[in-house]
Number of protein chains: 2
Amino acid sequence: MQIAEETKAPSRREREKEARRRAMLEAAQAVFAERGYANATLDEIAARAEFGKGTLYNYFAGGKEEILFALLDQLYDGIIEIIDSHFSIAAVKTDDIRSVVVRFLDHTFAFLAEQDDLFLIAIKEAHRYIFGDDPEKTEYFRRQRDRIVDALVPPIEAAMDAGVLKPLSATAVAHMLLGNINGCYTHVCLCNRFGSPEETAPYSASENAEFIATMLFDGLAVRDKN
Amino acid sequence: MQIAEETKAPSRREREKEARRRAMLEAAQAVFAERGYANATLDEIAARAEFGKGTLYNYFAGGKEEILFALLDQLYDGIIEIIDSHFSIAAVKTDDIRSVVVRFLDHTFAFLAEQDDLFLIAIKEAHRYIFGDDPEKTEYFRRQRDRIVDALVPPIEAAMDAGVLKPLSATAVAHMLLGNINGCYTHVCLCNRFGSPEETAPYSASENAEFIATMLFDGLAVRDKN
DNA sequence: TCACTTCATGACTACTCGGTCACTTTTGCT
DNA sequence: AGCAAAAGTGACCGAGTAGTCATGAAGTGA
């Protein structure tokens, strides 16, 4: 008779295995960030994780690429988690829509700032796969995007139903919101990298959040006052 | 005594040379689009252009990478040209600001649709270089971005001075406009690639132009009518 | 302690391709 | 036609590295 595994109480063996896996991912993240995915070598990842190269293949049979996608999983999971906990239907119904959005953006930008390395790895490689010709990879990104959009849509719809957002297509608005988060944070990375000449970008998470919220809610046009 | 060359009247030699160069770039564009930059081989580019591989090096001493950047030059030059001819200070002063912006966006999206291959090559590779560790390449993209922003700023400032745009930082607005053009067209490519389930994106150049203009000018918030 | 399973290892293989250069062909000039 | 310069060529080379696998170490249970 065995101890009930699977469902809970991972054995020491399993915990250690998981810890090793995490160490490998951490090493890989560092090497990808430093050299870029294409120039990263499995030898260096293995060395940095203090394992033999062959061992990597025991944990990630798919090699370099599987390691990359395991890292991307972490990024997407983190974003989904933020949406679930800060952009719920309940929050939208209780609080002012604008402050809910600002709070959500705030957490998201803070998370991205924390996961800077991962975010950069993702945006450097994503387009190559999305517009590349391996349908499995294209599908991966489509799935991740849909997960996020599907999590954003219900609260947006609730806000529209409550009459606090223009009654547009909730899906379109979700895509736009996602696109602007991505675009804005990419722009922040760009400014960090280029060294922007003064006031072209907000930098802190909450400044970014305010900036996008203002843009999205208010627009650029001068309004007739009255 | 020589015929006055350099300034004008390119000789037949020169014209032929230029034509061969263009043929090489065309072949390279096709191969990059088909295989992706990383998987494209000089052998295939040379074969498709009907030249020997060595000949490519007579025209592009920098090899594969120089060819890529020569292609990118074409894309950026095209965009600058559109700005110069459709988003001038004169236009902003004469016409309604919103219709000038719509017209400009319209032309831009039409151009990108025409240059689809090139645009995709650019977005697949740009981030890798921008956030990569070759400062010369980072600088290239910074320069191209600045060219575009610098072309956008004067008309935007003119519109602000005329009181038809909120008096924000013109540079920030230019960056945002550029970011949204990029983001919007990327999203269109994404939908084409993924096959979007219904109404998530506008597709034609003018629909895209209207969409962005509406977003930028009006915002999402429901306004108190009165 | 022994037999057996699981896991770790890194030298090795196989392969790809960017770039070179010695040689050939073409061109332009007299 | 003859010659020299320019242009074209593609077989070859070497660097780089993803992935394999034969070997051995460590862990496990009796």
Side-chain angles (χ1 to χ4, degrees), chain A residues 1-3 5 10-25 27-28 31-32 34-71 125 128-129 132-134 137, chain B residues 1-3 5 9-25 27-28 31-32 34-71 125 128-129 132-134 136-137:
Chain A
M1 196 186 288
Q2 303 176 317
I3 304 169
E5 14 83 355
S11 65
R12 180 177 59 80
R13 289 274 288 251
E14 276 160 337
R15 271 179 287 124
E16 284 177 355
K17 195 160 180 165
E18 180 54 29
R20 274 182 233 120
R21 198 186 122 99
R22 259 204 303 278
M24 288 172 189
L25 285 176
V31 178
F32 288 163
E34 220 162 88
R35 308 235 182 272
Y37 176 73
N39 295 321
T41 68
L42 288 181
D43 282 318
E44 184 171 357
I45 294 170
R48 188 160 326 188
E50 297 180 278
F51 288 99
K53 178 156 61 155
T55 312
L56 290 187
Y57 281 88
N58 292 342
Y59 287 76
F60 301 94
K64 201 180 177 186
E65 211 168 56
E66 183 176 336
I67 295 176
L68 173 65
F69 280 84
L71 283 171
E125 305 307 324
R128 215 166 44 75
Y129 283 111
D133 53 11
D134 180 341
K137 296 308 180 306
Chain B
M1 196 185 291
Q2 305 174 315
I3 302 168
E5 14 83 354
S11 65
R12 182 175 60 79
R13 288 276 285 253
E14 277 160 337
R15 270 179 288 124
E16 283 178 354
K17 194 159 183 168
E18 180 55 29
R20 275 182 231 120
R21 197 186 123 98
R22 259 204 303 277
M24 288 173 190
L25 286 177
V31 177
F32 288 163
E34 221 163 88
R35 308 234 182 270
Y37 176 73
N39 295 319
T41 66
L42 288 180
D43 282 318
E44 184 171 356
I45 294 170
R48 189 159 328 187
E50 298 180 278
F51 287 99
K53 180 156 58 155
T55 312
L56 291 187
Y57 281 87
N58 290 343
Y59 286 77
F60 301 95
K64 201 181 178 185
E65 212 167 55
E66 183 175 337
I67 295 177
L68 173 65
F69 280 84
L71 282 171
E125 305 307 323
R128 216 167 43 75
Y129 283 110
D133 53 10
D134 180 342
E136 211 169 303
K137 296 308 180 309

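First the proteins, then the strands, lettered A, B, ... as listed; each starts at 1. None of the values given here were measured: they were computed from a predicted structure.
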Query raised in the report: Hey, does B:A40 reach any base, or is it just sugar-phosphate, or nothing, if we go heavy atoms under 4.0 Å?
Result: sugar-phosphate
Report task. Could you check which of C:dT9, D:dG19, C:dG19 has an atom nearest any side-chain atom of A:N58? Result -> C:dT9
Query raised in the report: Looking only at side-chain N and O atoms, does B:K17 come under 4.0 Å of OP1 or OP2 in D:dA6?
Result: no
Query - A:K53 side-chain proximity, nearest of D:dG8, C:dG19, C:dC12 - result: C:dC12
Requested in this report: Please tell me which of B:A61 and A:F51 maps to the more 5' nucleotide of DNA chain C, matching each residue to the nucleotide holding its nearest heavy atom.
Outcome: A:F51
Report task. Check every strand shown and say whether B:T41 touches a base, only sugar-phosphate, or nothing at a heavy-atom separation below 4.0 Å. Result -> sugar-phosphate
Query raised in the report: With a non-hydrogen cut-off below 4.0 angstrom, is B:Y59 in contact with a base, only sugar-phosphate, or nothing?
Result: sugar-phosphate
Query raised in the report: Short question: side chain of A:K137, backbone of A:R128 - any donor-acceptor pair under 3.5 Å?
Result: no
Query raised in the report: Taking only N and O in the side chain of A:R20, is any of them less than 4.0 Å away from OP1 or OP2 of C:dC7?
Result: no
Query raised in the report: When you match A:L56 and B:Y37 each to their closest nucleotide on DNA chain C, which lands nearer the 5' end?
Result: A:L56
Query - Rounded distance (nearest 0.5 Å) linking atom CG of B:N39 with atom CD of B:E34 - result: 12.0 Å
**Report entry** From C:dG19, D:dA7, D:dT20, nucleotide with atom closest to B:K64 side chain
**Finding:** C:dG19
Query raised in the report: For D:dT9, does either OP1 or OP2 sit under 4.0 Å from a side-chain N or O belonging to B:T55?
Result: yes
Query raised in the report: Looking for any heavy atom pair under 4.0 Å, which part of the strands does B:G54 touch: base, sugar-phosphate only, or nothing?
Result: base
Query raised in the report: What distance separates A:R21 CZ from A:I67 CD1, expressed to the nearest 0.5 Å?
Result: 9.5 Å
Query raised in the report: So, A:K17 side chain and A:Y59 main chain: donor-acceptor pair closer than 3.5 Å or not?
Result: no
